[in-house]
Every structure is written in structure tokens, then in C-alpha cells.
**Student:** 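Once you've had a glance at the structure underneath, I'll fire off some questions.
Since this is a predicted model, take the numbers as computed values, not measurements. In the text below, chain A, chain B and the rest are named by the order of the sequence lines, each starting its count at 1.
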Amino acid sequence: MGSNETSAPSNFIRHIIDEDIAAGKNGGRVATRFPPEPNGYLHIGHAKSICLNFGLARDYKGTCNLRFDDTNPHKENMEFVESIQNDVRWLGFSWSGKVYYASDYFEQLYGFAVELIEKGLAYVCDLTAEETRAYRGTLTEPGRDSPYRSRSVAENLDLFQRMRAGEFADGARVLRARIDMASPNINLRDPTLYRIRHGVIHHQTGAEWCIYPMYDYTHPISDALEGITHSICTLEFEDHRPLYDWVLDNISVPCHPQQIEFSRLNLQYTVMSKRKLTQLVDEGFVEGWDDPRMPTIAGMRRRGYTPASVRDFCDRIGITKSDNTVEMSLLENCVREDLNVNAPRRMAVLRPLKVVIENYPEDQVEQLDCANHPQDESMGSRQLPFCREIYIDAEDFREVPPPKYKRLVAGGEVRLRNSYVIRCDQVIKNAQGEVIELRCSYDPATLGVNPEGRKIKGVIHWVSARHAVEAEVRLYDRLFSVPSPDAAAAKEGKDYKDFLNADSLRTLTRCYLEPALGEAGAGELFQFEREGYFCLDAQRSANGGAIWNRTVTLRDSWAKIEQQGD
RNA sequence: UGGGGCGUAGCUCAACUGGCAGAGCGACGGACUCUGACUCCGUAGGUUCUAGGUUCGACCCCUAGCGCCCCAGCCA
């Protein structure tokens with residue numbers, strides 16, 4: 001849990017709630033709900049909604065229900081039901097009471113439909129889907145009444161009962177609200193309330209029903225039945241609010257929740273629609289819903305994001321009604337800020353270059369005591385073996401250094417982090433002229449102290465070649481090569497998948513880690529000094545070795561300097 | 001050419017409902033440093049979508065435009 005779990009920043013929804021409380025509305029009670037459909041994994045956009053709804057309950061001493069909006073069994077399943085609960089819990093929230101399902105209300109929903117029929121406000125319509133569309137009219141032209149609109153109450157009651165009894169085939173009839181086919185709001189042109197779906201096994205209700213209620217009908221009633229006070233959803237449902245209110249105004253429910261809409265989150269260099277994420281998974285563009293490149297909660301967890309960092313992010317982006325696309329750097333800042341404080345330091349060499357310290361005794365090994373965190377003594381220390389052969393990162397040596405380079409160069413000196421100062425005496429190359437090994441010498445007087453009379457500017461990380469543990473390291477980059485894949489696709493007449501970043505995953509094998517990392521457990525996070533933050537994957541590599549996922553790099557001002565030099 | 005929304009710094013959001021337009025992130029510069037990290041200090045960046053109007057005074061109120069998003073599932 002985060003260190004400073006205060007209440008979230010204010011926003012227009014909190015203003016509304018403040019006013020409601022001041023006015024004594026709902027007896028000062030605040031009840032929200034998070035209503036996902038179990039047809040996919042939760043993503044960072046859902047996290048925004050979760051933090052909002054559960055955060056409201058937390059800050060106003062109210063309640064927040066977890067309710068599955070499970071009215072379309074064709075697309076839903078238990079894997080999603082379970083992953084969603086998992087992800088909400090992981091984010092650090094607990095729902096009030098039991099887990100709710102819209103399907104819990106199927107019987108009541110049916111009863112309210114009968115009530116609407118009896119009031120002459122709903123009718124069974126025999127139009128096909130195509131005919132219904134044709135009768136609906138267009139954005140600029142009104143629709144026409146269905147020929148079945150004026151059926152008698154008795155006939156509607158009989159037909160609806162027989163729909164439930166399974167007498168009619170899929171698509172043969174639907175139950176529709178009787179509102180206004182000429183409404184400028186298309187959602188009010190006699191929307192469908194129930195459709196027939198034979199042969200699907202619902203994950204909660206099995207084969208009990210062959211008619212299923214629609215979202216627009218189910219949602220307001222579920223909210224009212226649960227005594228929700230503020231029903232918060234995203235902007236695209238704004239047009240549906242009159243229908244939400246119409247349903248509640250015309251049936252006998254105990255209360256009338258207020259629907260409030262806010263804008264969904266867009267994040268640069270990724271996509272957020274469940275349809276697209278499903279496609280990336282199903283068509284194998286990523287390894288699964290929890291692929292660390294995915295903007296899913298499961299993916300971010302596997303990548304090494306912490307719950308606190310995700311919550312912090314959600315607090316910082318705010319809640320408004322404006323369309324928005326948040327920069328990836330904000331998300332990255334949130335993880336770095338958390339991990340900088342909480343992740344123990346370790347050393348790992350990702351692109352090994354052998355270094356032999358020729359003046360160090362062949363059979364000697366020193367155990368160096370190293371702080372686990374430079375600013376936090378309470379994190380303790382660990383032993384780090386040092387010997388004659390070590391590995392450094394190939395990037396930390398240049399035969400011909402670029403300007404401002406302050407790592408190891410031929411004939412130059414550098415500080416080995418937590419250890420001695422060494423000087424490069426000889427560069428050994430293979431037949432192709434590639435540097436394959438360095439011969440160095442160390443200054444025994446530089447352990448824990450700076451050398452006399454000269455300033456060593458560079459500090460590089462290293463591991464003992466004799467003691468290192470080997471591992472696979474996966475470096476992740478943005479999933480897409482453009483900030484807004486959807487916009488780019490639309491503009492260039494391509495598919496969003498055409499903008500997938502081919503280098504979003506770089507796998508490094510034969511990386512060498514300091515021995516202490518050999519004892520890490522799955523999910524553990526460390527800062528590999530000078531490289532970034534890394535998380536041990538629960539999976540093992542093909543040869544049974546450890547896999548470390550890079551959560552995020554360290555901020556890298558050298559990369560900028562280097563780029564400017566080019 | 002219907003209906004519903006939204007326009008404040010590069011990005012995301014504030015601005016006590018009419019009283020000197022701010023913050024976080026990012027960018028740039030510097031200090032410090034056994035992580036080119038962290039931390040610290042500083043700088044730049046605004047016609048508040050535009051044009052009128054009301055007012056002593058407008059991001060806020062009024063009028064007219066402009067731009068962008070959403071809606072024609074028996075999806076949610």
C-alpha cells in the first residue's frame with residue numbers, strides 16, 4: 001500500500017457529490033459501483049474508473065459494489081470473471097459485500113418488463129434486425145413506427161411469456177420499449193430491451209434463460225436495486241442517460257440513481273479498446289492478456305508496475321469530460337517515483353564484456369558489503385563477491401570515446417560501483433576486430449575511498465564472472481511506433497496493427513546477475529543500478545532459467561547528450 | 001443539413017462560480033553525487049478556440065462562429 005494514501009484530488013464529480021450531500025440528497029449516503037462486463041481483462045482505463053468509484057466510496061465513507069454486467073453470455077466467461085476480481089484486489093480495493101452480477105436480477109428484470117408491457121410502454125416486435133434498422137431512420141431523418149407497435153397488452157404479455165418459454169427462434173422477436181420513433185436521440189427510438197439467445201450457457205445462470213436483457217435496460221435497474229446513488233460511466237453513454245432515466249421513471253423501483261459521465265483514458269503508444277486488445281491476444285501479436293507490453297492490469301503487474309504507482313497515476317490524470325491522451329512519461333514517472341524509494345539496488349550486466357584484473361591475486365575472493373539502498377539504511381546490505389575476473393557492460397567501454405563520455409576507455413580509469421578503481425591497460429580483440437576482453441589493473445587503495453590526487457568521474461556496474469548467475473532479460477519498449485495508432489491508421493487508411501512496434505520486445509540471453517539475485521522470488525522488484533527497474537517473471541525461460549522483465553529504464557540524460565552529438 | 005458533449009502551457013489538470021491565469025509531468029540550464037539515477041536550485045513556455053457584447057473588471061456571463069469527439073447493435 002502506498003505511503004501516503006490520502007484522498008484523491010477533487011474533480012467535477014466530487015463537486016456534484018458535495019452538493020448532493022449539502023442538499024441532503026440520498027440522506028448523505030454515497031454508493032457507487034464498478035460494473036465491468038467479463039468479456040476481457042481489465043486495462044489501465046478501467047483502473048481509472050476503479051480508482052474513481054472505489055476512491056469515492058473510501059473518501060466519502062460510502063460503498064462501492066463490484067458488479068458484473070453479464071447480459072451477453074456469448075462474449076463472456078469465467079476466466080474474465082476471475083481475472084477482473086484479481087485485478088481489482090491487486091489494485092488495492094475491496095468491494096462492499098458480495099460480488100454482484102446483473103444476472104442475479106434476471107427474474108426481477110423480467111418482472112419489470114412485464115410491468116412496462118402492462119403500462120403499454122413495451123411491446124414485442126417481430127421485425128428482423130435489418131428491418132429494425134431500416135425503421136429506425138437516420139441521424140437526420142426520424143424513424144417509422146413498427147407495425148407491431150400497437151399490439152394489445154394481452155398479446156404482448158402472451159408473446160413475451162412465450163419468448164421466455166423458448167417458443168421462438170433467435171432473432172424472431174424482441175421486446176422493445178415504446179418511446180418515440182421520431183426522437184432526435186436515436187437511443188429513444190423504441191430501443192430493444194430483450195433479445196432471444198438459445199443454446200448459450202451463461203457462466204452464472206447456465207441454461208436457465210433463453211432471453212437476455214440489454215444493457216440500457218439492465219443497468220439502471222441493477223443500480224436502483226443496489227441503492228446506488230451515483231452511477232458513473234464514460235462519455236459515450238451520455239446519450240443513453242435519457243433512456244436510463246426513462247426506465248427508472250416508468251417502473252416501481254426504490255430509488256433513482258444519478259448517472260454521471262466522464263471521459264475515458266487514452267494513453268500514448270497503445271490502444272485501449274477491448275476489441276483491439278482482444279485481437280492482439282487472439283491473433284498472437286502479444287503473448288497473452290498479461291504480456292508485459294499490454295496496457296492491461298495483468299500486463300502491468302507482470303511488467304513490474306506496483307498498485308501504488310497505478311493508483312498514483314490515476315490520481316494525477318484527473319477526472320473531466322474532455323477527450324484526453326496522456327503521455328507515457330507520466331505513467332513512467334509514477335513507477336519510477338515509487339520504485340526509487342522501494343526497490344532494493346542490485347547489479348546486473350546485460351551485455352557482458354569480460355574484464356581480467358591482472359594485478360588481483362588469482363585465487364582471492366573478497367566479499368564486499370553493499371548497501372541495498374543508497375538513501376535508506378533500513379533496507380540493509382548484502383554481500384557482493386569480487387575477484388580477478390568480472391563482467392562489465394559493453395556499453396561502458398569505448399576504445400574511442402565520444403565527447404563527454406566518462407566511463408572506461410583504453411588507458412583510462414573508472415570506479416567499479418561498490419568496489420575499486422580500475423584502469424584499462426590492454427584491449428583484446430577477435431579476428432573481426434571486435435573487443436572481446438579487457439586487461440585491467442586495480443588500485444587497492446580505492447575501496448571505499450577516493451584516490452589521492454586525481455578525480456575519477458565515471459562509475460560503472462559489474463559482476464563477478466565466477467559468481468554471477470545467468471539469466472534472460474526482456475527489454476520492453478512501447479507497443480506501437482506512433483503515439484496514436486488509431487489516429488495514424490485513420491489518417492493513412494491503414495489498420496492500427498500496421499503501427500505495431502517491431503522492437504517492442506528485445507530479449508537478451510546470457511546476462512550476468514550478481515549472486516544475490518539468484519534467490520529472488522517471482523514478482524520481486526529491484527533496481528539494476530544504472531539500467532532500470534526489473535521484475536522477476538513467474539515463468540522460466542526455455543532452458544529453465546530466470547527471466548527478468550524490465551519495468552522501466554532509469555531516467556537517462558546520457559542518452560540525450562549522445563543523441564545531440566549525432 | 002438531427003441529437004449529445006468538449007475546447008486553459010508540449011501533455012494532463014487547477015483557478016474560492018466575475019477579482020493579479022497556477023500545479024504535476026515533460027523540455028531546457030545548473031548544483032550535488034561511488035547509479036549520467038536520486039535530490040536540490042533555476043529558466044522557458046499562454047491571444048484561456050475565434051469575433052463581438054455586458055461589466056470598473058471576463059477563463060468564468062451573453063451572442064455568433066470555428067474545431068474536435070460520440071450516437072443510426074437484437075454489444076457494453
**Student:** Could you check which residues of residues 186-202 of chain A get a heavy atom under 4.0 Å from RNA chain B? Sort them by number, please.
**Tutor:** A:Ile186, A:Thr192, A:Arg195, A:Arg197

**Student:** Using purine N1 to pyrimidine N3 plus N6-O4 or O6-N4 for Watson-Crick, or N1-O2 and O6-N3 for G-U wobble, each under 3.5 Å, what pairs with B:C56?
**Tutor:** B:G19

**Student:** Check A:Arg67 with A:Asp104, please: is the shortest side-chain N to carboxylate O separation under 4.0 Å?
**Tutor:** no

**Student:** Taking any heavy-atom pair under 4.0 Å as a contact, classify A:Asn324: base, sugar-phosphate, or nothing.
**Tutor:** sugar-phosphate

**Student:** According to the Watson-Crick and G-U wobble definitions, with both distances under 3.5 Å, which nucleotide is paired to B:G10?
**Tutor:**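 B:C25 is the nucleotide pairing with B:G10.
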
**Student:** Please give the distance between the P atoms of B:C20 and B:C16 as a whole number of Å.
**Tutor:**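 Here B:C20 and B:C16 have their P atoms 10 Å from each other.
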
**Student:** Find which nucleotide of RNA chain B each of A:Asn450 and A:Glu141 is nearest to by heavy atoms, and output the residue with the more 5' nucleotide.
**Tutor:** A:Glu141

**Student:** Hey, which of A:Phe528, A:Phe534, A:Tyr512 is the one that makes ring pair (Phe, Tyr, Trp, His ring centres under 6.0 Å) with A:Trp548?
**Tutor:** A:Phe528

**Student:** Under 4.0 Å, heavy atoms only, any strand: does A:Asp69 hit a base, just the sugar-phosphate, or nothing?
**Tutor:**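 Since only primed, P, OP1 and OP2 atoms lie under 4.0 Å of A:Asp69, the category is sugar-phosphate.
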
**Student:** Applying a 4.0 Å non-hydrogen cut-off, can you work out what A:Ile319 is touching in the nucleic acid: base, sugar-phosphate, or nothing?
**Tutor:**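 Sugar-phosphate contact only - A:Ile319 comes under 4.0 Å of backbone atoms but never of a base.
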
**Student:** Count the heavy atoms of every other residue, nucleotide or ligand shown that sit under 6.0 Å from CZ of A:Arg423, and state whether that count exceeds 12.
**Tutor:**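 Not more than 12 within 6.0 Å, no.
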
**Student:** With rounding to whole Å, what would you report as the distance between B:A23 and B:G46 at their P atoms?
**Tutor:**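 Between the two P atoms, the distance is 15 Å.
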
**Student:** Is B:U63 paired to anything, Watson-Crick or G-U wobble with both distances less than 3.5 Å, and if yes, which nucleotide?
**Tutor:**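 B:A51 is the nucleotide pairing with B:U63.
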
**Student:** Check RNA chain B against residues 37-48 of chain A and give the residues with a non-hydrogen atom under 4.0 Å, in numerical order.
**Tutor:** A:Glu37

**Student:** What's A:Lys274 touching, base or sugar-phosphate or nothing? Going by heavy atoms closer than 4.0 Å.
**Tutor:**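 Here A:Lys274 touches no strand at all.
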
**Student:** Using chain A heavy atoms and a threshold of under 4.0 Å, write down where along RNA chain B the contacts begin and end, 5' to 3'.
**Tutor:** B:G2 to B:A76

**Student:** Any salt bridge between A:Glu531 and A:Arg550, counting N to O under 4.0 Å?
**Tutor:** no

**Student:** With heavy atoms under 4.0 Å as the rule, sort A:His240 into base, sugar-phosphate or nothing.
**Tutor:** base

**Student:** A:Leu139 near the nucleic acid: base, sugar-phosphate alone, or nothing, with a heavy-atom cut-off under 4.0 Å?
**Tutor:**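 If one applies the 4.0 Å heavy-atom cut-off, A:Leu139 turns out to touch a base.
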
**Student:** Enter syn or anti for the glycosidic conformation of B:U17, syn applying to angles within 90° of 0.
**Tutor:** syn

**Student:** If the C1' atom of B:A31 is compared with that of B:C38, how far apart are they to the nearest Å?
**Tutor:**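 Approximately 14 Å lies between the C1' atom of B:A31 and that of B:C38.
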
**Student:** Examine A:Arg144 relative to A:Tyr135 and say whether NZ or CZ is less than 6.0 Å from the centre of the six-membered ring and inside a 45° cone about the ring axis.
**Tutor:** yes

**Student:** Check every strand shown and say whether A:Val326 touches a base, only sugar-phosphate, or nothing at a heavy-atom separation below 4.0 Å.
**Tutor:**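 Counting heavy atoms under 4.0 Å across all strands, the contact made by A:Val326 is with sugar-phosphate only.
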
**Student:** Give a yes or no on whether A:Arg316 atom CZ has more than 12 heavy-atom contacts from other residues, nucleotides or ligands under 6.0 Å away.
**Tutor:**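 Enclosed.
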
**Student:** Determine the interatomic distance between P on B:U54 and the same-named atom on B:C60; round to the nearest Å.
**Tutor:**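 About 15 Å, rounded to a whole number of Å.
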
**Student:** For A:Tyr215 together with A:His219, are the ring centres under 6.0 Å from each other?
**Tutor:**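 So the answer is yes for these two rings.
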
**Student:** What's A:Leu127 touching, base or sugar-phosphate or nothing? Going by heavy atoms closer than 4.0 Å.
**Tutor:** base

**Student:** Which nucleotide, if any, forms a Watson-Crick or G-U wobble pair with B:C74, using both distances under 3.5 Å?
**Tutor:** none

**Student:** Would A:Arg164 and A:Tyr110 count as a cation-pi pair here, with the cationic atom under 6.0 angstrom from the ring centre and within 45° of the axis?
**Tutor:**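 Pair A:Arg164/A:Tyr110 counts as cation-pi.
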
**Student:** Can you spot which of A:Glu377, A:Gln527, A:Arg346 makes a side-chain hydrogen bond (donor to acceptor under 3.5 Å, both in side chains) with A:Asn372?
**Tutor:** A:Arg346

**Student:** Select base, sugar-phosphate, or nothing to describe what A:Ser183 touches, counting heavy atoms under 4.0 Å on all strands.
**Tutor:** nothing

**Student:** What is the distance from atom CE of A:Met379 to atom CG of A:Asn342, rounded to the nearest 0.5 Å?
**Tutor:**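 The CE atom of A:Met379 sits 7.0 Å away from the CG atom of A:Asn342.
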
**Student:** Over all strands shown, is A:Thr128 touching base, sugar-phosphate only, or nothing at heavy-atom distances under 4.0 angstrom?
**Tutor:** base

**Student:** Sticking with atom C1', work out how far B:U12 lies from B:U48, rounded to a whole angstrom.
**Tutor:**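 The answer is 16 Å between these two C1' atoms.
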
**Student:** What's the gap between B:C59 and B:A9 when it is taken at their P atoms, as a whole Å value?
**Tutor:** 14 Å

**Student:** Under 4.0 angstrom, heavy atoms only, what part of the nucleic acid is A:Arg136 near: base, sugar-phosphate, or nothing?
**Tutor:** sugar-phosphate

**Student:** When syn is taken as a glycosidic angle within 90 degrees of 0, is B:G30 syn or anti?
**Tutor:** anti

**Student:** Can you check side chain to side chain contact (heavy atoms under 4.5 Å, CB included) on A:Val326 and A:Leu331, steps first, answer last?
**Tutor:** CA-CA 8 Å; A:Val326 174; A:Leu331 219 207; over 6 Å; no

**Student:** A:Met347 near the nucleic acid: base, sugar-phosphate alone, or nothing, with a heavy-atom cut-off under 4.0 Å?
**Tutor:**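 Nothing: the residue A:Met347, judged by heavy atoms under 4.0 Å, touches no strand.
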
**Student:** Taking atom C1' in both B:C32 and B:A14, what distance in whole Å separates the two?
**Tutor:** 33 Å

**Student:** Determine whether the side chains of A:Asp69 and A:Thr218 contain a donor N or O and an acceptor N or O closer than 3.5 Å.
**Tutor:** no

**Student:** Which is true for A:Tyr212 with a 4.0 Å heavy-atom rule: it touches a base, it touches only sugar-phosphate, or it touches nothing?
**Tutor:** nothing

**Student:** Between A:Phe106 and A:Gln204, is any pair of side-chain heavy atoms under 4.5 Å apart?
**Tutor:**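 No - every pair of side-chain heavy atoms lies 4.5 Å or more apart.
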
**Student:** For the C1' atoms, the ones on B:C49 and on B:U35, what distance do you get once it is rounded to whole angstrom?
**Tutor:**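 After rounding to an integer number of Å, I get 46 Å for this pair.
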
**Student:** Using Watson-Crick or G-U wobble geometry with both distances under 3.5 Å, which nucleotide pairs with B:A31?
**Tutor:**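 Result: B:U39.
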
**Student:** Check whether A:Phe168 forms a cation-pi arrangement with A:Arg173 (NZ or CZ under 6.0 Å from the six-membered ring centre, at most 45° off the ring normal).
**Tutor:**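 So A:Arg173 does make the cation-pi contact.
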
**Student:** Between A:Ser329 and A:Gly318, which has a closest nucleotide on RNA chain B that is more 5'?
**Tutor:**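 Its nucleotide being nearer the 5' end, the pick is A:Gly318.
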
**Student:** What's A:Gln527 touching, base or sugar-phosphate or nothing? Going by heavy atoms closer than 4.0 Å.
**Tutor:**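 If one applies the 4.0 Å heavy-atom cut-off, A:Gln527 turns out to touch a base.
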
